[in-house]
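Each ligand, and each atom within it, is numbered from 1 in the order the structure gives. Residue numbers run from 1 in the order of the sequence given. Only this structure's heavy atoms are used, side chains among them; waters, hydrogens and symmetry mates stay out.
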Amino acid sequence: MISEKYQSLFSHTPDVIVTSPGRINLIGEHLDYNGGWVLPAAIDKKITFAIGKRADNALHLYSMDYENLEIVPLSNIVSSAQSWVNYLLGVVEQFQKEQPLSSGFNLVFGGDVPLGAGLSSSAAVEAGLAFAINELFDLKKPRMELVKLAQRAENQFVGVQCGIMDMFASMMGQAGKVMRLDCRSLEFQYFPFDFKDIKIVLCDSDVKHSLADGQYNIRRKQCEEGVSILQKYDPSVSTLRDVPLSFLKKHRDEMPLLVFQRCQYIVKEIARVEAACKDLERHDLAAFGQKMFETHLGLSHYYEVSCPELDFLVKRAKKNEAVFGSRMMGGGFGGCTINLVKTAAIPQFIEDMKTAYFKKFKIDLKTYVVTISNGTTRLDA
Ligand code: GLA
């Protein structure tokens, strides 16, 4: 479909076709920009890109979702009123900063990663385009460099001070494996996530979040404020990863209450992820799932990035005996909950969640049973 659209718009076949997935995160929320660990994986919801060089210096960008073609000169990469264009332009700008591209390109992209649902459709776009440009112009940048480039695109052009998790997960994912990324050192390991009788089910609240609305950046600033207060007492502290809970509590009165609460959630979550990884290694999903519920409480009460719809979905899931763990996932303020559910009970689980959600909010709940899949891949080679 993407290739056909490309052919019909530009009258030639694309040079490169790339697919880039959305992501889930099992545990470790809001830890990437605090130097902690995260446990993400790529999923079988993807965005596909068909791209080809142009003879001139223009970018012809077509979005399947918005059915819209934008034409931008390479020499004038400035923020567009159409937000989808900015995810692309931010990436192009990063390449231009390093070494200008030798020509413009044609692009058609689209896929089935739901927008604004907390599955990182934006990172999938950024990682996918970075990978596609690297292939198209044969620039030979390693994947990790492309991950960082995509993150800079989001930080500098889109203006969300996000961490590295989403681009990393989209680019580096492997089928059947979750990744434990140490966001301080950027070292990572793959862990098989191969529980036969359990699947990952996402419940989409349909509350559209917009990280760019500022709350995300505010959380990040509050964590930084906590760090700068603690640095007065221990200059070796550079992120909340360096802060024991007892040390934070000792200086509780020296910081605004909200700053303390944000920092306390982060410090506890860092410890929780470490323990949760041990649960996974022992195949103890009951203990792991318990920690997911704890994470949700922290995100809801102390980090305050949940919403009534997400809280309802987690509370309802918790009552279901077939559910090991449930929590809101991603940046928050809407999007999906992630649920670990016994395979045999998934139809009843979905039915129950849909009925209860509709009754309470008059919203049709969308659910996705996801499979852990490969990261960004070239399809035509
Ligand atoms: C968003 C950001 C990520 C991460 C999560 C919360 O998805 O893009 O960098 O901070 O929120 O864990």
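Atoms of ligand 1 lying under 4.0 Å from at least one heavy atom of Met165, given by number and element, are 4 (C), 5 (C), 12 (O). Residue-ligand proximity, Arg23 to ligand 1, at heavy-atom distances under 4.0 Å covers atoms 7 (O). Counting atoms of ligand 1 from 1 in the listed order, those under 4.0 Å from a heavy atom of Gly330 are 6 (C), 11 (O). Near Tyr33, meaning under 4.0 Å from any of its heavy atoms, are these atoms of ligand 1: 10 (O). Per-residue contacts place Gly163 under 4.0 angstrom from the following atoms of ligand 1 (heavy atoms of the residue considered): 9 (O). Taking every non-hydrogen atom of Cys162 and a distance limit under 4.0 Å, the qualifying atoms of ligand 1 come out as 2 (C), 8 (O), 9 (O). Annotation for ligand 1: atoms under 4.0 Å from non-hydrogen atoms of Tyr216 are 1 (C), 2 (C), 3 (C), 4 (C), 9 (O), 10 (O), 11 (O).
Judged by distance alone, the side chains of Lys342 and Gln348 never bring a donor and an acceptor atom under 3.5 Å apart. Of the N and O atoms on the side chains of Arg54 and Ser103, not one donor lies less than 3.5 Å from an acceptor on the other residue. For the residue pair Thr19 and Thr377, no side-chain donor N or O sits within less than 3.5 Å of a side-chain acceptor on the partner.
Panel note: side chain Arg184, backbone Trp37; no donor-acceptor pair is recorded below 3.5 Å. For Asp44 (side chain) and Thr371 (main-chain N/O), a donor-acceptor pair under 3.5 Å exists by modelled atom type.
Under 4.0 Å from ligand 1, not a single heavy atom of Met329 appears.
The aromatic rings of Trp84 and Tyr66 sit parallel to each other, their planes meeting at less than 30°, with 60° as the upper class boundary. Aromatic ring pairs are classed by plane angle as parallel below 30°, tilted from 30° to 60° and perpendicular above 60°; the pair Phe10 and His60 is perpendicular.
Between Tyr6 and His12, the ring center distance clears the sub-6.0 Å criterion.
Geometrically, Lys177 does not engage Phe193 in a cation-pi contact, judged by NZ or CZ lying under 6.0 Å from the ring centre and within 45° of the ring axis.
For atom 8 (O) of ligand 1, the nearest non-hydrogen atom from the set Asp166, Leu299, Asn25, Val160 comes from Asp166.
Here's the thing with Gly331: one of its N/O atoms is less than 3.5 angstrom from an N/O atom of ligand 1. Any N or O atom pair closer than 3.5 Å counts here, and Leu31 shares no such pair with ligand 1. Note: an N/O pair closer than 3.5 Å links Asp32 and ligand 1 by distance alone. At least one N/O-N/O distance between His30 and ligand 1 falls below 3.5 Å. Inclusion of Glu29 in the set of residues having an N or O under 3.5 Å from an N or O of ligand 1 is warranted.
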